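Model, not experiment: these values are computed from the prediction. Along the sequence shown, residues carry numbers from 1.
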Amino acid sequence: MKYHIDLYASVKININSDAKAYANILCLGDRCKSFAEGFSENSQSRISLMGIVKGLEQIKQAAVVTIHSSSKYVWNTYEKGWLVRWRANNWLKKDGEPPLNLDLWKRFALQLDRHQIQFNYVPYKQENAYLAKAKALGAEALVSSALKVDEVYHMYLEELNLHLNAVPEILTLDEQEQAVVSVVDTSEEVEITQSADQFIQEDSATEIEIVADKEDTPIVPPAFESLASLEDEEEDTEEEEEDSQVNSRPTILQKMPSEIKVLVGIRDLLNKYFASHTSQEILRSTDLYDLIKKNKVLKERFPHSVLLNSFLRRQHQEGILKQIIPNCCVDTFNEDFYQWRFHRL
């Protein structure tokens, strides 16, 4: 392939709502274009994948494309060959279930047929002027009055709320009901224009200037710095097991997913605590873990507080946490370690 294009993809989230935005920068040599979209509600994994897919779709002719992104979700799925295996297996994982965000992965696969893809994973702490600019563009999209609705994700939330309304206040956590899901596939064939005069679509792109300097962002050291390896090991295990991806799949739910049941159990534990401690207004995550240690089922699920933090962070990133525990406040300033507070309803 004659041309090499760099795709810089980043996301921006609104910590006070479920709104999220993606922003992309496409560069062909020293010529760059950018575009961004904001959504009123979405999951972090889905918006990350959506941004990359739409970036690839903007490239009008086959090229060598290097994707620069901080999304472990997309990077792992691509680098570990899961996408190729799902496609060869009629879009089913090894457990017989469809992968999450199936509509977007099918569109991604179409782009693999067109382009020669390379993936450059950029850790969050590593400075990159293009990704910093993309994140700033995402922040601008979030304050726009024209936030869009992701119909697939919206359908998932509606179905989730229906099932939550049917769940009793006190949930028996040791029930062994398994999650059964049926993926809603809203994918459409992507029309590809093969004109040779331009490689990047003009209608949704704007000229930008990359600023090399980036202000340093203070990093607050994790509260469990000595246990960072434990959290990393837990995250690596989850990323390597395709089954763990089920918690954010846009689906029509037939039964309550197990991780949602755990969240409902934590919610009921919080409600019970505030009901019996009338003078207590706020509970921090360390205090919540003290309660969890007294619950046999939850203690087995979270043998260490770092694992609880990791679990809550995933549910927050998927836009699920506040759907079930609305009295939760999260401080995401430190991307390595979120801070949690729960207040009385």
If you look at every heavy atom in Trp91 and Ala109, which pair is closest and at what distance?
CH2-CB, 3.8 Å
Could you grab the distance from atom CD1 of Ile67 to atom CG of Leu56, nearest 0.5 Å is fine?
4.5 Å
If you look at every heavy atom in Leu147 and Ser40, which pair is closest and at what distance?
CB-N, 3.9 Å
Is the backbone of His304 close enough, under 3.5 Å, to the side chain of Tyr289 for a donor and an acceptor to pair up by distance?
yes
In this structure, would Val143 and Leu137 fall into the same cluster of hydrophobic residues linked by side-chain contacts under 4.5 Å?
no
Evaluate the side-chain proximity of Leu92 to Pro98: yes if any heavy-atom separation is below 4.5 Å, no if none is.
yes
Applying the 4.5 Å side-chain criterion to the ILVMFWY set and letting contacts propagate, would Trp75 and Leu112 be lumped into a single cluster?
yes
Is the shortest heavy-atom distance from the side chain of Phe342 to the side chain of Asp287 under 4.5 Å?
no
Any residue meeting salt bridge (charged side-chain N to carboxylate O under 4.0 Å, His left out) with Glu41, in chain and number order, not counting sequence neighbours
none
Do Trp105 and Tyr73 make the cut of ring centroids closer than 6.0 angstrom?
yes
Are Leu321 and Ile13 linked, directly or through other ILVMFWY residues, by side chains that come within less than 4.5 angstrom of each other?
no
Do any N or O atoms from the side chain of Arg46 and from the backbone of Asn101 form a donor-acceptor pair under 3.5 angstrom?
no
To the nearest 0.5 Å, how far apart are NZ in Lys72 and OH in Tyr124?
9.5 Å
Under the rule for salt bridge (charged side-chain N to carboxylate O under 4.0 Å, His left out), what residues qualify as partners of Asp290, not counting sequence neighbours?
Lys293
Flag the pair Tyr273 / Leu288 as yes when at least one side-chain heavy-atom distance between them is below 4.5 Å, and no otherwise.
no
I'd like to check the side chain to side chain contact (heavy atoms under 4.5 Å, CB included) partners of Gln118; sequence neighbours left out, ordered by chain and number.
His4, Val64, Thr66, Gln116
Using modelled atom types and a 3.5 Å cut-off, is there a donor and acceptor pairing between side-chain atoms of Arg344 and backbone atoms of Thr278?
yes
Are the charged groups of Asp113 and Arg87 less than 4.0 angstrom apart, N to O?
yes
Can you name the residues that form a ring-ring contact (aromatic ring centres under 6.0 Å, His included) with Phe302, not counting sequence neighbours?
Phe311
Taken to the nearest 0.5 Å, the spacing of Leu100 CG from Lys93 NZ works out to 7.5 Å
Using modelled atom types and a 3.5 Å cut-off, is there a donor and acceptor pairing between side-chain atoms of His115 and backbone atoms of Ile117?
no
Consider only side-chain heavy atoms of I, L, V, M, F, W and Y, link residues closer than 4.5 Å, and tell whether Ile282 and Val330 are in one cluster.
no
Heavy-atom distance under 4.5 Å between the side chains of Leu49 and Thr77, does that happen here?
no
Indicate the atoms forming the closest heavy-atom contact of Leu345 with Asn327, along with that distance.
CD2-CB, 3.4 Å
Listed once per pair and sorted, the ring pair (Phe, Tyr, Trp, His ring centres under 6.0 Å) pairs that draw on residues 36-70, sequence neighbours left out:
Tyr8-His68
Quick check on Arg341: does its CZ atom have over 12 non-hydrogen neighbours (other residues, nucleotides or ligands) under 6.0 Å away?
no
With sequence neighbours left out, what residues match His343 under ring-ring contact (aromatic ring centres under 6.0 Å, His included)?
none
Got a donor-acceptor contact below 3.5 angstrom from the Asn295 side chain to the Leu298 backbone?
yes
Could you walk me through whether Ser70 and Leu131 pass side chain to side chain contact (heavy atoms under 4.5 Å, CB included), step by step?
CA-CA 9 Å; Ser70 298; Leu131 289 179; 4.2 Å; yes
Looking only at non-hydrogen atoms, find the nearest pair between Ile25 and Ser34 and report the distance.
CG1-CB, 4.2 Å
So how far is it from Asp103 CG to Phe108 CZ, rounded to the nearest 0.5 Å?
14.0 Å
What distance separates Ile52 CD1 from Ser71 OG, expressed to the nearest 0.5 Å?
5.5 Å
Flag the pair Leu26 / Phe35 as yes when at least one side-chain heavy-atom distance between them is below 4.5 Å, and no otherwise.
yes
Please confirm whether the backbone N or O of Glu57 pairs with a side-chain atom of Arg107, one donor and one acceptor, at under 3.5 Å?
no
Heavy atoms of Ala23 and Ala36 approach each other most closely as CB-CB, 3.7 Å
Using the rule that Ile, Leu, Val, Met, Phe, Trp and Tyr join whenever any side-chain heavy atoms are under 4.5 Å apart, tell me whether Val262 and Trp340 fall into a single cluster.
yes
To the closest 0.5 Å, what do you measure between OG (Ser43) and NE2 (His316)?
11.5 Å
Minimal heavy-atom distance between Asn128 and Tyr130, with the atoms involved, is OD1-N, 3.0 Å
Just wondering, do Met50 and Asn42 contact through their side chains at under 4.5 Å, heavy atoms?
yes
